[in-house]
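All values reported here derive from a predicted model rather than from experimental measurement.
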Amino acid sequence: MLATEGMEDEEKWLAEGIAAIQHNAFYMSRALDSDNLREALKYSALLLSELRTSKLSPHKYYELYMRAFDELRKLEMFFREEDRHGCSVIDLYELVQHAGNILPRLYLLCTVGSVYIKSKEAPAKDILKDLVEMCRGIQHPTRGLFLRSYLAQISRDKLPDLGSEYEGEGDTVMDAVDFVLQNFTEMNKLWVRMQHNEPVRLKEKLDKERSELRDLVGKNLHVLSQIEGVDLEMYKDVVLPRVLEQVVNCKDEIAQYYLMDCIIQVFPDEYHLQTLETLLGACPQLQPAVDVKTVLSRLMERLSNYADSSPEVLPDFLQVEAFAKLSSAIGKVIEAQVDMPVVGAISLYVSLLTFTLRVHPDRLDYVDQILGACVKKLSGKSKLEDSKATKQVVALLSAPLEKYTDIVTVLTLSNYPRVMDHLDAGTNKIMATIIIESIMKNDTCVSTADKVEVLFELIKGLIKELDGTATDELDEEDFKEEQNSVARLIHVLYNDEPEEMLKIICTVRKHIMAGGPKRLTFTVPPLSFSALKLVRRLQGQDGDVAGEEVPATPKKIFKLLNETIEALSSVPSPELALRLYLQCAEAANDCELEPIAYEFFTQAFVLYEEEVADSKAQVTAIHLIIGTLQKMTVFGVENRDTLTHKATGYSAKLLKKPDQCRAVYACSHLFWVDDQDGIKDGERVLLCLKRSLRIANAAQQQANVTRGSSGPVTLFVEILNKYLYFFEKGNPQITSSAIQSLIELIKTEMQSDTTTPDKASDAFFSSTLRYIQFQKQKGGLMGEKYGPIKHPDIRPLAEQDTESLQRLLPEIPLWVKNPDYERLDWFNKMIELMWPYLDKAICKTAKGIVDPIIAEQIPQYKIESVDFLSFTLGTLPPTFPGMKVYITEEKELIMEPVIKWAANPNITLAVKAFGLKATVQMIDLQIFASPRITLKPLVPTFPCFAKIYISLMEKPHVDFGLKLLGADAMSIPGLYRFVQEIIKDQVASMYLWPKTLEVQILDPTKAMKRPVGILNVTVVKAMKLKKTDLLGLSDPYVKLKIVNEKPSTKKTTVKHKNLNPEWNEEFSFVVKDPETQVLKFSVYDWDQVGSHEKMGVNIVPLKDLIPDEPKELTLELLKNLKPDDVQNEKARGQLVLEVMYKAFNDEELANGADESNTVEKAPDGTPDGGGLLVVIVHEGQDLEGKHHTNPSVRMLFRGEEKRTKVVKKNRDPRWEEEFQFVLEEPPVNDRIHVEVVSTSKRMGLRHPKESFDIQNGLFWLSTPIDFIDNVLAHFHKNFGQKRRQKPSSSIANVITGVREKFGKYSIPDHQIHGL
């Protein structure tokens, strides 16, 4: 606020000053126009007197100064015209010195002095000397600076410079230099003195004002740089020493920093180069707070630009030893400023390195020297944590990479890796990435093992974790990107000499093996392919693998590859290892090394058997094995038969039938090779194709069982194409009749109603038929072969025989055979879409349940461990062909779904005992079951049912495959049927109807939220309340409510103008959950106008009350219910309450009031007193109003009214609403009034509300003192002439229960009827 007022005052003072200047300028201009010298001097002095103010900031003072400056220019023009004022310039010079005030006098003196010099009637140096001395009369910093700035401005074009009209007759360049330097010195003193004019607390403001005035001082240095006569010698001997002397002696950090920057910026680069030592010598003498690093950085930047723009001056840099001087100066500055942060020192080295790389790019010793100095500065310190310092180090290390595009040059710098050692792990990775990017960008070839060793030491941040961080904690995307860059680097390492290339491979292998298992999946493949490239270069060579001096041979490299790929087993990454083994086998085949190729295939099969468990990975792996084996030519008959037999066997054991089919027909190529010397075993080809047909047929049947319809015929069409391939290759076992039969089979399947239509399959088959037709039309030998193949004969469905029809219609859906079953296509579609997520969730939950049970049981069987190697339910979800829903009168929901599930799970257990390991795998699961699921009782609490009852309506069908140690255990004769029957009998004995599995979801009593007691509260009094009214006392009242219960708010009366009120008012509340509910009370101050102000609040947890035990509480009033609010510590008064919680009988609470149709007597010994009347309004039947039917129920009991919600346009409304009446005494001879009304939803006076005309619509509650004896309710509806034949209306079960503290009561249905 004070700052705002000061700015407003300053604006006012500035406006007043400008107005005064304009006023006097007007009269001065009029005097000038009339050539009146005396009046002109008078008003000019008055005008300039406004500059004497001290109230304005430099910024505002500058505006005032510029107004006066413009007027002085007019006055100067008048002074030059002597014929107008009739006074010589000498007399005029004397005349202006008689002005009354010194500031106007000096401004006028400077103005006349400018004219005096221009007239050349006196030497310029004498006038300039006189003016600069006279200006000392103004010692106020702001006024003095602007005065001397005016002097510099008017004299800059009148200095005796070389070639100037003012040179000669004793006026020399030295005089001009002396004048400017003297003016600069005085201005700098005034500038520095500004900091002593105000208190220290205003230092920030002063520094800002000084910064606004710095250009006035620096303008002198700019004038000096523009003087032509200031050559290098004069600059070196006179100008620079005197300027630096003033800079150093002023001992002001702001002035020193600015003036050093001015020197660097305004004087020529050549001068800086030749006076480098003098300029650098001043840097250590500057104040510690001066930002010397920025000064030196700008100096080196200017010198670097100078060298770039003028290459011919490079010898001058060597001559003056610029690098040595800059390096020495930086060292002295760092030593002098002990407190200089690390980032400042490193930034100096970055600037020096940039300078060196641009001026002396060939001097690597200079670069290494700078890096060594940086290492010395960082020595003794831990890893850099300052982000700014880290960025500077990265810039320091990146500069050589950008200059020397060849990374090999950087590798020769001994101090480069030592600097990187001081980086933290994260920055080390960044720097390593930059190095790799530089290599890739510039296509740098690192061709020796020694250089590779140095390079991998530099990028070790990517090769291994430097700070011990686990690889699991790293960001996955960043980690992949880093390792991919390392992999690209490995690919570009190359040497034409095999021996040196092998050394490079061994060096890389040594480093990547130390990087942990997770990195191996990225680094082993590029290393392996580099080694395989070398193998192919050495193809045909041989040699012993022993001895380190033995030259590189394929066997030696293959041994190294085998050891490297084995390391992938620690990841584990079996799929990758298998691919690499197959690549090695193919390379060994090219080198004609049969034993090595066979060994690699053996390793691949071992991995497939023991490590590859995922079904999709198995499919990919077996096709890779088949494709690689097909290309092998080095194997003899025995080895090839062994490998081919393994591949075919594993193909037939794949999890999914379609995958089995495709793998088996792919194996047919292993027995027929097109090469001249290739294998051509037609019989085994035919066996493979026939076996694939059987598997395809089984896949169709499985699809029929699972989904109720067969899948597409794509597999058959694919097999047909294989038949055509081998038919064209000349396989004598593949005949045209076999192809014809297969075509007819496919066509029949496609016409079947159970086959799922598939456009892709249809197009595939049509394309195949067109190909056959094309071959026939082409003629020649191939046309003759295709001649016997005819287009398939399609017969109508009516002409099919019984067997064909049964095959075409295997099963009719349940919803077709039995109308009671509903279709669940939508549900099956939802399950299919959600199955990938349900699979993971179910498996995770099941594993979490099973793991603790296994861990608890295995010790007694001396088993070391039981682990799940894989746990997935597969990709096929269960299907629900139909579901039956039963409708009952009970509060329950009964469903009977039919479940069919042909799953492809992969649940594999690894059991370790006595040092041995065994695996158990469950596959090919089939479950057919018809469960009955009952949800009851239905409750008004989410999920709206309390229990689930599950039972089986018939024995389930369960079928599955079990593999022990890789062998199918279910293939043991007799075991399959025995296990299947055992499972059926066990499941049936536990859950076959009427036996059930009960799963409790909610506690039924809590779910119904029935009343469990009554809370009686007496508000006694309040004490020491704080008044809230400004005038007079407060008008307090208390508001009470049970939290989370609607409606439950009750209020006391208002006690006017009383801070210690007494109420003694009683209230009763219904309690449903005493463990969680609380009684909240709030004290308010009643106001006649506006909202009532809260005086305090507090709560009473019901769980703290003992049933049937009165308790008096004196509670402090709080500001709010926040426990940490300090305002609650302030006294706000006290409230005295008497509370007693009356709980209902626990045995009676276990059963709801609606579960009995009998009237029960209260337990003996129950005292008289209050209780709770619970009324549940269920529904109405056959209700109809005369004008509208929007029924609702209104009840009135002992003066208390309750209403149900309005059900619009409904003759049979269902309310299911519960109402409670708290009773002070048993309802003896009391009556409850029940009325059904219809309310119009339209606005207006016409028929807004009408009653359903219930005559005698009063319900009597006749209650003895100790129990309720009987409840009668009578009512009837008078319809009118048009509906006289209809039965009477009724509100069945309007009242269903009365609960008091002495027991539970229900009203029989026959006692509530319509008349």
Salt-bridged, R136 to E186, with N to O below 4.0 Å?
yes
Going by the rule salt bridge (charged side-chain N to carboxylate O under 4.0 Å, His left out), which residues pair with K120 if we only count those two or more places apart in sequence or in a different chain?
E165
Any luck finding a side-chain donor-acceptor pair between T185 and N188 under 3.5 Å?
no
Pairs under 3.5 angstrom only: tabulate donor-acceptor contacts from the side chains of residues 347-354 to other protein residues two or more places apart or in another chain.
{"unit_1": "S347", "atom_1": "OG", "unit_2": "V343", "atom_2": "O", "d": "3.2"}
{"unit_1": "S347", "atom_1": "OG", "unit_2": "G344", "atom_2": "O", "d": "2.6"}
{"unit_1": "S351", "atom_1": "OG", "unit_2": "S297", "atom_2": "OG", "d": "2.8"}
{"unit_1": "S351", "atom_1": "OG", "unit_2": "S347", "atom_2": "O", "d": "3.2"}
{"unit_1": "T354", "atom_1": "OG1", "unit_2": "V350", "atom_2": "O", "d": "2.8"}

Nearest heavy-atom contact between I263 and V243 is CD1-CG1, 3.6 Å
Which pairs with one or both residues in residues 316-326 pass side-chain hydrogen bond (donor to acceptor under 3.5 Å, both in side chains), sequence neighbours excluded?
none
Minimum heavy-atom distance V359-S304, with the two atoms named
CG2-CA, 4.3 Å
Quick check for you: to the nearest 0.5 Å, what is the distance between L108 atom CG and L72 atom CG?
7.0 Å
With sequence neighbours left out, what residues match A68 under side-chain contact (heavy atoms from CB on, under 4.5 Å)?
I21, L47, L48, L51
Using modelled atom types only, decide if a donor and an acceptor are shared between the side chain of S328 and the backbone of A324 within a distance under 3.5 Å.
no
Using modelled atom types only, decide if a donor and an acceptor are shared between the side chain of S225 and the backbone of H222 within a distance under 3.5 Å.
yes
Between Q139 and R193, is there a side-chain donor-acceptor contact under 3.5 Å, judged purely by atom types and distance?
yes
Applying side-chain hydrogen bond (donor to acceptor under 3.5 Å, both in side chains), can you list everything that pairs with T294, at least two apart in sequence or on another chain?
D291
Got a second to check how far R80's CZ is from L75's CG, nearest 0.5 Å?
11.5 Å
Rounded to the nearest 0.5 Å, how far apart are CE of M300 and CG of L276?
10.0 Å
Separation between CZ of F69 and CD of E76, rounded to the nearest 0.5 Å:
8.5 Å
Electrostatic pair E133:K129 at N-O distance under 4.0 angstrom:
no
Can you find a pair of side-chain heavy atoms, one from M234 and one from V177, that are under 4.5 Å apart?
yes
Quick one: does L397's side chain get under 4.5 Å of V394's, heavy atoms only?
no
Only one of L378, I370, L371 clears side chain to side chain contact (heavy atoms under 4.5 Å, CB included) with C374; which?
L378
Main-chain N/O of A20 paired with N24 side-chain donor or acceptor, under 3.5 Å:
yes
Can you tell me which residue pairs pass the side-chain hydrogen bond (donor to acceptor under 3.5 Å, both in side chains) test with a partner in residues 266-276, sequence neighbours excluded?
D269-R302
Spell out, as yes or no, whether a donor-acceptor pair under 3.5 Å connects the side chain of R143 to the backbone of R52.
yes
OH (Y62) with more than 12 external heavy atoms under 6.0 Å:
no
State, with a plain yes or no, whether a side-chain heavy atom of Q256 is found less than 4.5 Å away from one of C250.
yes
Tell me whether E301 is salt-bridged to R298, with the criterion being a basic N under 4.0 Å from an acidic carboxylate O.
no
Test of understanding: with ring-ring contact (aromatic ring centres under 6.0 Å, His included), list the residues that count as partners of F146, not counting sequence neighbours.
Y61, Y65
Side chains of residues 93-101: which donor-acceptor partners sit under 3.5 Å, not counting sequence neighbours?
{"unit_1": "Y93", "atom_1": "OH", "unit_2": "D130", "atom_2": "OD2", "d": "2.4"}
{"unit_1": "Q97", "atom_1": "NE2", "unit_2": "Y93", "atom_2": "O", "d": "3.2"}

May I ask you to establish whether R30 and Y27 are in a cation-pi arrangement, using a distance under 6.0 Å from NZ or CZ to the six-membered ring centre and at most 45° from the ring axis?
no
L14 and L56: which non-hydrogen atoms are nearest, and at how many Å?
N-CD2, 3.9 Å
With ring pair (Phe, Tyr, Trp, His ring centres under 6.0 Å) as the rule and sequence neighbours excluded, what pairs involving residues 241-265 come up?
W191-Y258
V248: which residues meet the side-chain contact (heavy atoms from CB on, under 4.5 Å) condition with it, sequence neighbours left out?
A282, Q285
Applying side-chain contact (heavy atoms from CB on, under 4.5 Å), name anything that partners A289, two or more places apart in sequence or on another chain.
E253
Tightest non-hydrogen contact, residues A389 and I346, listed as O-CD1, 4.2 Å
Whether the side chain of K74 engages the backbone of D70 through a donor-acceptor N/O pair (distance < 3.5 Å, no angle test) should be reported.
no
With distance as the sole criterion, is a donor-acceptor pair present between the side chains of N220 and R148 under 3.5 Å?
no
What side-chain hydrogen bond (donor to acceptor under 3.5 Å, both in side chains) pairs are there with at least one residue in residues 231-244, not counting sequence neighbours?
D178-R242
Tell me whether T53 contacts the main-chain N or O of E50 through its side chain, where contact means a donor paired with an acceptor under 3.5 Å.
no
Contact check, side chains of L128 and S155, non-hydrogen atoms, under 4.5 Å
yes
Check whether any side-chain heavy atom of E212 lies under 4.5 Å from a side-chain heavy atom of K208, and answer yes or no.
yes
Taking the side chain as every heavy atom from C-beta outward, state whether F79 and Y116 have any atom pair closer than 4.5 Å.
no
How far does CZ of R73 sit from CD of Q153, to the nearest 0.5 angstrom?
7.5 Å
